[in-house]
Amino acid sequence: MGSCKYLVIFYGVSAGQNGNNMGADEQDLVMLVYLVLNVEENKIVGVHQFPVRPSGADINENILSEEVTTEFGISEHDVKSAPPLESVIRQFDSLAQDELGGELTLVTDGQLHLRQCLYPEATRKNITLPSYYQRFHDLRKEFQSCVPSPVANTVDAGGGAVEEMLTAFNLPCDTAPDKSLQNVNNMARVLQKLVLDGRNLHEPEIVQLNLEPGIRSRSEQVDTNCVVRARGLPWQASDTDIARFFTGLNVAPGGVALCLSPQGRRNGEALVLFESVAHRDMALRRHKHHIGNRYIEVYKATGEDFINVAGGNNSEAQEFLGRGGQVIIRMRGLPYDCSAKQVIEFFNTGEDACEVLDDDHGVLFVKKPDGRATGDAFVLFKEEGEGEKALQKHKEIIGSRYIELFRSTTAEVQQVLNRSTEPAAKGGVVGGTSAPLIPSLPPVPPMAVIPQQLITAGTRKDCIRLRGLPYEAQVEHILEFLGDHAKNIVYQGVHMVFNAQGQPSGEAFIQMDSEPSSFAAANNRHHRYMVFGKKQRYIEVFQCSGEDMSLVLTGGVAGLGHHQQQQQAKTPLLSPGGGGSLLGHQGNFPYSPLMGGIPHTSSRPPAPGSFNPFPAQLLYWPYPSPPISPNNYFLPPHGHMSSPSSLLTPTSSISSLSNGVTSPLPSGGPQGQGSPQLPQGPPPNTLLTVETVSQVNMSRGATERPNTETLLRSSVYIH
């Protein structure tokens, strides 16, 4: 039986679901039972039962599921008057040290009591568990090793596993009225039978608390049944934060790979590799569990997906990572002429001085394929404490620039270095922008600009208008600001508004699924603060209709004739820097390759009802975004397009528009194959602003175009 003197059966009861779904609903424990078995004497020496008060017991009247009250006989009064989990853990630990001398190993019925319930709750409540909770025997696995496989398979699959074990050993069931005591007594009978028969238990299972570093290569084979994709992560989440979300489950060394957008920013997704299929399956049960107030989606992924993100073939990166530092810090915003010596001095001086691992060799600068600096670098630190001190220097100064610091991962180092050294036009990349990180996804169909009539029609007040947004705010920041109300946003319902100069206006319109949803969002989030870095801005939130959106976006001139527009002369509300409406009376809208290739004239716009509500090329993308960065969409070749593939980047700056939208043809040019026939004349509410480019700075593979041509910029960000 091994050297341990005592085996302690551990059993928990959740306030929600129990049995095979235990822990899937993120509910707290309300009962803990410990049964102590003296291995040498094969005798039960104590049973300790502790009711536990869950979070929210002081606020909510009904916190227990019907299963708990009827099957386990636990009442609301029992748990509301009980001590919290931390007190119960300390109470049993004191008993274990005084009476058992700390010589104990836990035994559980399956994995869920510890891995899916106790550890996640302890992590949420910042409770440090004693070390003996990190080692345990799974009674189901011990039983499977000593009985015929058909019976063992039945035990592993069913909720009545202990009863099946008793039947296999011809043992009677316990008749205690309390179901939790009945279960631990039945487990004790099985365990005593194994001891009596001289069965040696296997090595205890280990609960891994720390994420181990590891380096992955592109040629490595990964078990495709051990990978999940986590989505909806806070943008500042690190690999340790993600491992903490999956606490209780064993993540493989180097098994957290944060996904980056083509711009090199984290996109709120990660691929996680577990050490076994069983741990992957338990991770999938944490779908829509929370980090703070954000729920996290968890889906199956493949080993190929993981290696595409985490694998690397850059020798410089592998040499850097092979130095063995426990913490990697990413620096952003460095002066382009910054040296390794300056980086080391940055960390060595000041109140939170810390040592960079291996001096110059612990600093890795990120460069562009042509060797120019990017302003980014990775820095290694030997221990966790040094890394924590390093992060305290966030936004301190080198020269005249403040430096941003983020905790990084081995996978992020590999991704960034791979991109910086791979050829610019490899694998369908145009203009030097990287393709999506997961190339195994199905190809994205051609992206068409949605006519604004389809967005802004109707008098139902099922929309909200956000005003006062920081100019740096992106769609993900708006979703985080709205919190639980974000789940009521319709497909492609987030619209970022740009002014006539192509700059963010500080406004956004959001389409909700109903009028009550928009009312609730406006009522609950109006004048709430959006935190952005060290700044916070209060945001105005108004309920509105589609027609209200049109009036705001056009300055009240939508649908008016030429003469009426001149008389109206109202300044649009969305354009803080512009002097007139987006639809000024001299607006002659040019050919748009995204809208089917028909040159527009300045005739009176058609009524909204005359538009086909489902244009042939219109792409409806389910909300939230697909598992690639929501900031990029690919436009495959389409007749009139000048380049083999173009990347539409709604958040790109005006100066980079030559890489964002394909060059328009002259007004008499051929129409693209399969383009829908749109009505003549400018759409009344179109949000395409026109920029006349006198000189275009050609870069990143853009083809040359005459100076007299115009560029189109979509002023709406469609999510």
Side-chain angles (χ1 to χ4, degrees), residues 1-15 22-23 26-40 44-55 79 82-139 141-142 180-181 183-184 187-188 191 201-212 240 243-251 275 279 282 383-385:
M1 266 298 166
S3 59
C4 186
K5 185 176 181 180
Y6 296 100
L7 293 174
V8 176
I9 294 175
F10 174 83
Y11 188 87
V13 179
S14 166
M22 190 176 192
E26 214 174 0
Q27 293 294 312
D28 289 354
L29 291 163
V30 294
M31 180 74 72
L32 294 183
V33 184
Y34 301 85
L35 184 148
V36 183
L37 178 70
N38 186 317
V39 178
E40 294 177 357
I44 297 173
V45 295
V47 178
H48 308 276
Q49 187 177 34
F50 302 98
V52 182
R53 184 173 76 244
S55 301
V79 298
L85 178 63
E86 187 173 14
S87 298
V88 171
I89 295 295
R90 283 203 309 263
Q91 189 175 345
F92 178 76
D93 185 54
S94 176
L95 183 149
Q97 299 301 328
D98 295 342
E99 298 185 11
L100 309 181
E103 298 181 27
L104 63 99
T105 303
L106 298 182
V107 180
T108 63
D109 176 23
Q111 307 271 313
L112 304 182
H113 296 268
L114 276 175
R115 294 193 186 275
Q116 288 287 74
C117 281
L118 181 62
Y119 267 98
E121 183 177 348
T123 300
R124 290 195 301 268
K125 298 179 177 179
N126 293 316
I127 300 172
T128 301
L129 297 173
S131 59
Y132 49 79
Y133 286 94
Q134 298 174 31
R135 303 171 69 252
F136 70 98
H137 294 289
D138 184 349
L139 189 60
K141 290 186 176 181
E142 300 298 340
S180 60
L181 290 177
N183 285 337
V184 296
M187 291 173 65
L191 194 57
L201 301 184
H202 295 83
E203 284 296 314
E205 296 212 21
I206 304 298
V207 179
Q208 179 182 299
L209 299 184
N210 298 318
L211 179 63
E212 299 294 330
T240 54
R244 182 180 170 89
F245 173 77
F246 290 111
T247 186
L249 309 179
N250 294 352
V251 178
E275 69 173 19
H279 287 234
M282 285 187 278
E383 298 175 350
E384 192 71 33

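Note that the coordinates shown come from a computational prediction; the quantities given were computed from them, not determined experimentally.
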Inset, instruction - Quick one: do Glu205 and Gln111 satisfy side-chain hydrogen bond (donor to acceptor under 3.5 Å, both in side chains)? Show the steps, please. - result: CA-CA 10 Å; Glu205 296 212 21; Gln111 307 271 313; 3.0 Å; yes
Restricting to non-hydrogen atoms, name the atom on [X] and the atom on [Y] that form the minimum distance, rounded to 0.1 Å.
X	Y	value
Pro54	Val30	CG-CG1, 3.9 Å
Val8	Leu104	CG2-CB, 3.9 Å
Thr247	Pro120	CG2-CA, 3.8 Å
Lys125	Glu121	NZ-OE2, 2.7 Å
Arg115	Gly248	NH1-O, 2.7 Å
Asn250	Ile206	ND2-O, 2.9 Å

Could you tell me if the side chain of [Y] sits less than 4.5 Å from the side chain of [X], heavy atoms only?
X	Y	result
Tyr133	Ile89	yes
Leu7	Leu201	yes
Asp93	Gln97	yes
Asp28	Leu85	no
Tyr6	Asn38	yes
Leu191	Glu142	no
Tyr11	Leu35	no
Leu139	Ile9	no

Out of curiosity, [X] [atom1] to [Y] [atom2], how far, rounded to the nearest 0.5 Å?
X	Y	atom1	atom2	result
Arg244	Arg124	CZ	CZ	11.0 Å
Leu129	Glu86	CG	CD	10.0 Å
Leu114	Arg135	CG	CZ	13.0 Å
Glu275	Glu212	CD	CD	11.0 Å

Inset, instruction - Start with the C-alpha distance between Phe10 and Leu118, add both sets of side-chain angles, then the distance that settles side chain to side chain contact (heavy atoms under 4.5 Å, CB included), and finish with yes or no. - result: CA-CA 11 Å; Phe10 174 83; Leu118 181 62; 3.9 Å; yes
Whether the side chain of [X] engages the backbone of [Y] through a donor-acceptor N/O pair (distance < 3.5 Å, no angle test) should be reported.
X	Y	value
Thr123	Tyr119	yes
Gln116	Met282	yes
His113	Gly12	yes

Legend entry - Any residue meeting side-chain contact (heavy atoms from CB on, under 4.5 Å) with Thr240, in chain and number order, not counting sequence neighbours: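 Listed in chain order: Ser238, Arg407.
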